[in-house]
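Working notes, structure below.
Keep in mind that what you see is a predicted model, and the values were worked out from it rather than measured.
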Amino acid sequence: MNRKVAFIIIVVTLSLLIGGLIGFYFYTLRTNPGTTIFGQNPGRNFANYDPANPNQGNATTSPQDPSIIGTSTVPTVVPKLRKISVSPVAGFSFVNKDIFASSTRNIEPEDTSRTGGRVIAPQTPRIIGTEEKIRYVDRAYGHVFETSTSTLETVRLSNTTIPKIYEAAFVEKGNSIIFRNLIGSTDVIGTRYASLVKATTTDEGDTEMMTELKDLTANLLQVAVSPAKNQLFSIQKEGVTGFLSTPDGGAIQNILEIPFREWLVQWPEARTIVLTSKPSGFFPGYAYVLNPQNRSMTRILGGINGLTTSMSPDGNKLIYSRSDAGTFSLLSFDRRTGESFDLQTKTLPEKCVWANTEADTIYCAVPENIAFNTYPDVWYQGRITFSDSLWKLNIATREARLISRLQDEAKEIVDVQSMRISADDGYLLFDNKINLSLFGYQLKEPARPVFNPLDAVGTSTASSSANQ
């Protein structure tokens, strides 16, 4: 064999070998669509992408808008950042539901044909534990929905249409709601007490609910719910009177007469109602504490431009904002020592929530960029929108930890307001000020239902039911 023939054989052999390797590569790529190329995965739904877990599998389908279909059940992994409602919401809250021991269906007392003429009284359901749920109100129609932190299933509890609800607060274990809107085409503020009541029971045992309404006093400028959710503090426009009542408007007590009506109200602790003058970067603001038991009122902060506040659950500490030179800062105030500290964080108390289980800890949404302007005026007016990141801060140690850049995870700008936190500090709820859609963020693994082992003896399964 001469040298020329040997060279041709070597070239052909190498070409076949290289061609085979290239073909094998593209064949394996085609049969494994999740393969990552240059750090990108074209098969991933980035709305559910968790940056802390880059090796997660392909995301599955997102749930449909529950305001359209009523009930949505999607068998998929719950992402850390979850868009719970695409439609605007008027209010939302965590609620505890009782878990009942499962049993065979009770025979109605009048149905004696199946018992040989014997009358069998229905059994009293036995509570064996509790489970924390999320409830929220659709802004456009007033429908009430329920979901949880551990599943994407969303159930519509009530389809009673109550249009254009601007504000909603859950009271009395979450089975009653305070609805607030404008009456007709007027500027009169209407406040109504709404209770979820059983309408019908289906053959499968599911309960359909309806909403019964009761009008409360008209033109209530502000309403705050007590920590136990069994009382209201309201400021009435006429005469500027502050009074206590039950959620349905009963047992009214006048506890405050004030000459000014422009207040923001919060009720973080049983003996502590906080009244803060409505803020402006142009004028100094003031904050007072009202004790609803002895009706004493004490000023705690004053002379601070752009003042807004958020009190800790124990009523001892306060975070507040201060406007200065076209921007704003977040500070903390200790009522026991009278000391204030700059937290070196530029955000507003309206974007923060106090932790329940960790002392001196707050979770805050912090704007990525803040343009020079008059705050908080332009933010309240909607002239400025923020893109927020989520942070955990300790006001005692001044430590701060970044949890999430929300825009990166949500793939949309998220301007956080009205933040809530679960009892175990495992889950955050907040809405996006831009479109009032509802988001949830999982801080810890979803909590399991709390069972009483003594009550659960003799039961093999359990079922969840609303606290009706």
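Side chain to side chain, Glu368 and Ser387 fail the donor-acceptor criterion of an N or O pair below 3.5 Å. In summary, the side chains of Ser280 and Asp377 do present a donor paired with an acceptor at a separation below 3.5 Å, with no hydrogens or angles considered. No side-chain N or O of Arg139 forms a donor-acceptor pair with one of Asn181 less than 3.5 Å apart. A donor atom on one side chain and an acceptor atom on the other are found under 3.5 Å apart for Ser404 and Glu409. Between the side chains of Ser340 and Tyr320, a donor-acceptor pair is found at a separation under 3.5 Å. A donor-acceptor contact closer than 3.5 angstrom is absent between the side chains of Glu153 and Thr151. Between the side chains of Ser176 and Tyr193, a donor-acceptor pair is found at a separation under 3.5 Å. When only modelled atom types and interatomic distance are considered, Thr308 and Ser321 share a side-chain donor-acceptor pair under 3.5 Å.
Between the side chain of Arg420 and the backbone N or O of Val353, no donor-acceptor pair lies under 3.5 Å. Judged purely by atom type and a 3.5 angstrom limit, Asn175 has no side-chain atom pairing as donor or acceptor with the backbone of Leu196. Gln266 places no side-chain N or O within donor-acceptor distance of the main-chain N or O of Pro268, the cut-off being under 3.5 Å. A donor-acceptor pair under 3.5 Å is absent between the side-chain atoms of Arg398 and the main chain of Gln344, judged by distance alone. A side-chain donor-acceptor contact under 3.5 Å links Lys351 to the backbone of Val416. A donor-acceptor contact shorter than 3.5 Å links the side chain of Arg135 to the backbone of Gly174. The main-chain N or O of Ile183 is found under 3.5 Å from a side-chain atom of Thr186 such that the two form a donor-acceptor pair. Side chain of Asp415 to main chain of Thr385: no donor-acceptor pair is present (N/O by atom type, distance under 3.5 Å, no hydrogens or angles). Although no hydrogens or angles enter the test, the distance criterion places a donor-acceptor pair under 3.5 Å between the side chain of Asp425 and the main chain of Asn356. Within the 3.5 Å criterion, the main-chain N or O of Tyr141 finds a donor-acceptor partner in the side chain of Asp138.
Taken from CZ in Arg336 to CG in Asp334, the straight-line distance is 5.0 Å, to the nearest 0.5 Å. For the atom pair CD1 of Ile235 and CG of Leu256, the computed distance is 7.0 Å after rounding to the nearest 0.5 Å. Atoms CG and CG, on Leu318 and Leu301 in that order, are 5.5 Å from each other to the nearest 0.5 Å. Going from atom OG1 of Thr241 over to atom CD of Gln236 covers 6.0 Å, rounded to the nearest 0.5 Å. The distance from atom CD1 of Ile255 to atom OG of Ser234, rounded to the nearest 0.5 Å, is 9.5 Å. The structure places OG1 of Thr272 at 6.0 Å from CE of Met311, a figure rounded to the nearest 0.5 Å.
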- Message: For Tyr136 and Phe92: C-alpha separation, side-chain torsions, deciding distance, then whether ring-ring contact (aromatic ring centres under 6.0 Å, His included) applies.
- Response: CA-CA 4 Å; Tyr136 61 95; Phe92 48 91; 8.4 Å; no
- Message: Checking Tyr441 against Leu429 for the side chain to side chain contact (heavy atoms under 4.5 Å, CB included) test, could you report, in this order, the C-alpha distance in whole Å, the side-chain angles of both residues, the deciding distance, and whether it holds?
- Response: CA-CA 7 Å; Tyr441 195 91; Leu429 288 176; over 6 Å; no
- Task: Run the numbers on Lys346 and Thr327 for side chain to side chain contact (heavy atoms under 4.5 Å, CB included), then give the verdict.
- Result: CA-CA 8 Å; Lys346 293 187 179 299; Thr327 184; 3.8 Å; yes
- Task: Test Arg82 against Thr147 for side-chain hydrogen bond (donor to acceptor under 3.5 Å, both in side chains), laying out the working first.
- Result: CA-CA 12 Å; Arg82 172 188 170 194; Thr147 186; 2.9 Å; yes
- Query: Yes or no on side chain to side chain contact (heavy atoms under 4.5 Å, CB included) for Asn219 and Leu221, after CA distance, side-chain angles and deciding distance?
  - Reply: CA-CA 6 Å; Asn219 266 336; Leu221 298 177; 5.7 Å; no
- Task: Test Asp424 against Lys444 for salt bridge (Lys or Arg N to Asp or Glu O under 4.0 Å), laying out the working first.
- Result: CA-CA 9 Å; Asp424 65 349; Lys444 303 176 184 177; 5.9 Å; no
- Message: Between Phe179 and Val137, does the side chain to side chain contact (heavy atoms under 4.5 Å, CB included) criterion hold? Intermediate values first, please.
- Response: CA-CA 9 Å; Phe179 284 143; Val137 176; 3.7 Å; yes
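Proximity of Ile134 to Phe94: side-chain heavy atoms (C-beta onward) are separated by under 4.5 Å at one or more points. Annotation: side chain of Leu244 is in contact with side chain of Pro292 (closest heavy-atom distance under 4.5 Å). Between Glu146 and Thr154 the shortest side-chain heavy-atom distance does not fall below 4.5 Å. Counting heavy atoms from C-beta outward, Phe333 and Leu331 have side chains that stay 4.5 Å or more apart. Put simply, the side chain of Thr345 does not reach to within 4.5 Å of the side chain of Trp391, judged on heavy atoms. In this structure, the side chains of Leu264 and Leu275 stay at 4.5 Å or more apart for every pair of heavy atoms. Between Asp431 and Ser437, the closest side-chain pair of non-hydrogen atoms is not below 4.5 Å. The shortest side-chain heavy-atom distance between Ile178 and Phe170 does not fall under the 4.5 Å cut-off.
Within 6.0 Å of CZ on Arg295 lie more than 12 heavy atoms contributed by other residues, nucleotides or ligands. Within a 6.0 Å radius of CG in Asn369, no more than 12 heavy atoms belonging to other residues, nucleotides or ligands are found.
Ring planes of Trp263 and Phe260: perpendicular class, angle over 60° (limits at 30 and 60°). Between Phe439 and Phe430, the two ring planes are parallel [angle under 30°; tilted spans 30° to 60°].
In this structure, Lys433 satisfies the cation-pi test against Trp379, with its NZ or CZ atom closer than 6.0 Å to the six-membered ring centre and inside 45 degrees of the ring normal.
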Show me the donor-acceptor pairs within less than 3.5 Å that the side chains of residues 225-232 make with the rest of the protein, sequence neighbours left out.
from: Ser226; atom 1: OG; to: Lys229; atom 2: N; distance (Å): 3.2
from: Ser226; atom 1: OG; to: Asn230; atom 2: N; distance (Å): 3.2
from: Ser226; atom 1: OG; to: Asn230; atom 2: OD1; distance (Å): 3.1
from: Ser226; atom 1: OG; to: Gln231; atom 2: N; distance (Å): 3.2

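Using a 4.0 Å cut-off between charged side-chain N and carboxylate O, Lys392 and Glu358 make a salt bridge. One finds no salt bridge joining Arg322 and Asp324 here, because no Lys/Arg side-chain nitrogen approaches an Asp/Glu carboxylate oxygen to under 4.0 Å.
Of all non-hydrogen atoms in Ala355 and Pro313, the two that sit nearest each other are O-CG, 4.2 Å. Nearest heavy-atom pair across Ser389 and Leu402 is CB-CD1, 3.9 Å. For the pair Pro247 and Leu216, the tightest heavy-atom approach, listed with the atom from each and the gap, is O-CD1, 3.7 Å. Contact record, Leu393 with Cys364: CD1-CB, 3.9 Å, taken as the closest heavy-atom pair. The two atoms that bring Leu220 and Arg180 nearest to each other are O-NH2, 2.8 Å, heavy atoms only. What you find for Leu330 and Asp342 is that their closest heavy atoms are O-OD1, 3.5 Å.
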